[in-house]
Amino acid sequence: MTTLTIEIPDKVEKTLADLVKQLGGKVIATDTSLKKNVKLKQGEEKLSRKEKEFLKGFEEAIEFVNLHQQGKVKAKTIDELLDEL
């Protein structure tokens with residue numbers, strides 16, 4: 001499979017996501033799902049403080065990866081990370 005990153009208007013996000021699923025693809029994440037608070041379904045519990053902290057860190061990591069892919073920041077190589085140990 002191939003991973004494709006695209007930018008589309010918010011108003012067509014759900015329609016395009018549904019189409020990708022119908023074609024046998026998988027929608028991994030969307031900006032909307034990462035940045036907006038997800039409305040809880042009936043019977044779901046609110047997130048704990050630790051879960052919120054984890055999600056915040058995860059969102060920051062995703063944003064860093066996006067910036068790296070755009071060439072706006074430089075990520076360390078595995079060798080650079082291992083040298084720090």
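This structure is a prediction, so every number in the text was calculated from the model and none was measured.
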Participant: Can you list the residues that meet the side-chain hydrogen bond (donor to acceptor under 3.5 Å, both in side chains) rule with Ser48, with sequence neighbours excluded?
Facilitator: Glu51

Participant: Tell me every residue that passes side chain to side chain contact (heavy atoms under 4.5 Å, CB included) with Leu55, counting only those two or more places apart in sequence or in another chain.
Facilitator: Leu47

Participant: Test of understanding: with side-chain hydrogen bond (donor to acceptor under 3.5 Å, both in side chains), list the residues that count as partners of Lys21, not counting sequence neighbours.
Facilitator: none

Participant: Could you tell me the separation between the CZ atom of Phe58 and the CD atom of Glu63, rounded to the nearest 0.5 Å?
Facilitator: 12.5 Å

Participant: Please name all residues satisfying side chain to side chain contact (heavy atoms under 4.5 Å, CB included) with Glu53, sequence neighbours left out, ordered by chain then number.
Facilitator: Arg49

Participant: Would you list the atom pairs, donor with acceptor, under 3.5 Å between side chains in residues 78-85 and any protein atom, with sequence neighbours excluded?
Facilitator:
from  : atom 1 : to    : atom 2 : distance (Å)
Glu80 : OE1    : Thr77 : N      : 2.7
Glu84 : OE2    : Lys76 : NZ     : 2.3

Participant: Side chain to side chain contact (heavy atoms under 4.5 Å, CB included) with Lys72: which residues, sequence neighbours excluded?
Facilitator: Leu67, Gln70

